[in-house]
Asks: 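Structure incoming, see below.
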Amino acid sequence: MRMTVLGTGYLGATHAACMAELGHDVLGVDVDPSKLAKLEAGEVPFYEPGLQEVLKRNIDEGRLRFTDSYEEAADFADVHFLAVGTPQKRGEYGADLKYVDAVIDTLSRLITRPAVIFGKSTVPVGTAERLGRRARELAPSGVQIEVAWNPEFLREGHAVEDTLRPDRLVVGVDETAPSRAEGIAREIYEKTISSGTPFVLTNLATAELVKAAANAFLATKISFINAIAEVCEAADGDITQLADAIGHDDRIGRKFLNAGIGFGGGCLPKDIRAFMARAGELGADQALTFLREVDNINMRRRTQMVELTRRECGGFLGARVAILGAAFKPESDDVRDSPALNIAGQIHLQGADVRVYDPKAMENSRRLFPTLTYSESIEEACEGADVLLVLTEWKEFISLTPQDIGKRVRSKRVIDGRNCLDGAQWRAGGWTYRGLGRALGNTK
Ligand code: UDX
């Protein structure tokens with residue numbers, strides 16, 4: 001089937017490449033010339049394992065092209081995926097829908113044949129219905145446009161796998177009017193559905209809410225375990241053993257119960273805030289006040305990490321702090337609202353000499369936080385350090401041995417912000433090891 005993907009960021013570039021991989025003819029559309037130039041050359045403008053290969057193969061085999069022309073997009077296909085960003089508004093909790101609105105306004109005026117637009121971006125509930133009305137108003141008379149919602153659940157670092165083999169497909173349609181969207185979606189995802197992926201058909205509002213609820217649940221799960229981690233720290237408990245033990249209960253499950261410096265990235269933090277803001281507009285704000293606490297617990301992890309580091313160094317002035325990790329999670333170069341970079345920034349601004357290293361996120365970190373000092377390697381970052389912080393659980397950090405790094409540092413002190421190191425091994429190597437969610441006064 002022929003289709004366009006409007007917006008080629010993390011979500012759009014991955015969706016475009018994966019739809020071509022499923023055998024469709026895909027045109028990716030973006031207004032950013034530098035992004036387009038890279039994609040046209042078969043290069044992914046960000047780090048995402050496996051995406052480069054899928055992108056290149058499908059460009060070479062003629063199923064995937066890119067353009068900046070909405071005229072070309074309207075002419076090329078009658079099925080369009082909307083995949084532009086919905087960032088948090090400056091100084092407000094709500095989502096900024098200006099990019100989504102701009103796509104609908106531009107495309108609808110240019111469409112000359114009946115078309116279906118599938119929204120994939122995460123939007124406040126009610127947006128799809130509004131966009132549908134707007135599209136029908138702007139379309140040339142007699143041209144039918146339908147807006148349906150097909151939310152995306154991909155995780156950065158696993159984006160290709162999550163798009164080709166998702167846990168479920170959700171399609172929301174306007175149930176008050178005749179809809180072609182279900183049939184078209186079933187055809188697009190035929191291979192995925194026939195391999196057993198559940199297909200959930202809903203109305204527009206439910207589809208939008210499924211995404212908001214999924215992210216709110218995941219954020220809550222992480223903040224839950226981080227809140228219990230605070231209690232463990234006060235009571236001499238061990239959060240990792242506790243998470244393993246409660247995770248054995250199928251009803252709870254072990255996934256997303258890793259305590260540490262908390263969640264970040266371009267989705268969970270802004271999505272829970274936008275969800276609260278939207279519930280407020282709908283008069284249901286009380287229902288989601290708990291998400292404010294989820295957010296507070298999460299942000300508190302960052303300040304607690306800073307305070308713990310200060311204690312370990314005996315004050316920041318004159319102290320050198322080695323920080324391993326800047327990306328918001330491993331297998332990604334994304335530093336948007338990254339707890340790691342936020343902590344590095346706070347410690348630096350409070351007077352310590354901070355050296356940061358990350359295997360993939362150096363360029364993005366420099367752009368976001370140019371005044372930090374960045375090192376070219378783990379060893380360089382650790383040289384003469386008074387304390388070592390591991391803030392993103394990259395494989396190369398997990399496999400470090402206390403002996404290798406012990407020769408570089410001034411004091412053998414490590415704080416494990418992700419509970420990803422083997423504490424016993426580091427202690428046996430002569431280090432003071434502290435993991436969040438374990439008795440913090442305990443130097444065993
Ligand atoms: C998330 C959702 O998982 C995805 O379904 C949605 O579409 C977009 O938002 P992503 O932001 O790529 O995806 O990353 P995810 O793997 O969910 O991790 C989010 C954050 O939570 C990261 O900062 C990660 O380090 C943190 N996290 C995750 C924890 O602190 N503990 C955990 O146990 C799991």
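Both ligands and their constituent atoms are indexed starting at 1 by order of listing.
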Asks: Keeping to residues at least two apart or across chains, list the side chain to side chain donor-acceptor pair (under 3.5 Å) pairs with something in residues 38-50.
Replies: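 Pairs touching residues 38-50 that pass the test: Y47-E331.
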Asks: Do L391 and F328 come close enough that some side-chain heavy atom pair is under 4.5 Å?
Replies: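 Side-chain contact under 4.5 Å: no.
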Asks: Tell me, which residues have any heavy atom less than 4.0 Å from some atom of ligand 1?
Replies: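 For ligand 1, the contacting residues are E152, F153, L154, R155, E156, K211, N215, L218, I222, F256, L257, N258, G262, F263, G264, C267, L268, F328, K329, R418.
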Asks: Can any side-chain N or O of S108 pair as donor or acceptor with the backbone N or O of D105 at less than 3.5 Å?
Replies: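 Pair absent, no side-chain N/O of S108 close to backbone of D105.
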Asks: Should the pair F118 and F81 be assigned to parallel (<30°), tilted (30 to 60°) or perpendicular (>60°) ring geometry?
Replies: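 Correct class here is parallel.
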Asks: Going by the ring-ring contact (aromatic ring centres under 6.0 Å, His included) test, which pairs reach into residues 186-239, not counting sequence neighbours?
Replies: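 For residues 186-239, and leaving out neighbouring residues, there are no ring-ring contact (aromatic ring centres under 6.0 Å, His included) pairs at all.
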Asks: What pairs meet the salt bridge (Lys or Arg N to Asp or Glu O under 4.0 Å) rule with one or both residues in residues 199-217, with sequence neighbours excluded?
Replies: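 For residues 199-217, and leaving out neighbouring residues, there are no salt bridge (Lys or Arg N to Asp or Glu O under 4.0 Å) pairs at all.
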